[in-house]
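Worksheet: one structure, shown below.
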Amino acid sequence: MKGDITGCIRSLQTTAVNRCRERLEEAALRARSLITKDTGDTKTEEPKTTDYGVTSVLKRRHGL
């Protein structure tokens, strides 16, 4: 019985750590893409759109 609970806890812990790693990698990729956009290294520019509110500005800039 004790081994079953320990194995279950380790499995849940491993799953949680893997999810966190995936999220960190995705956040790092987004940060890198934002950095390259800010420095102007990208050759394709996004078309300028008119932002009508704070929500759309935050969504476009920060992906919220």
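Numbering of residues begins at 1 and proceeds along the displayed sequence. The analysis underlying the following values was restricted to heavy atoms, covering all of them including side chains, and did not include hydrogens, waters or symmetry mates.
- Distance alone, capped at 3.5 Å, is enough to place a donor-acceptor pair between the T14 side chain and the R10 backbone.
- For the atom pair CD1 of I35 and CZ of R30, the computed distance is 13.0 Å after rounding to the nearest 0.5 Å.
- For R19, the side chain to side chain contact (heavy atoms under 4.5 Å, CB included) criterion is met by T15, not counting sequence neighbours.
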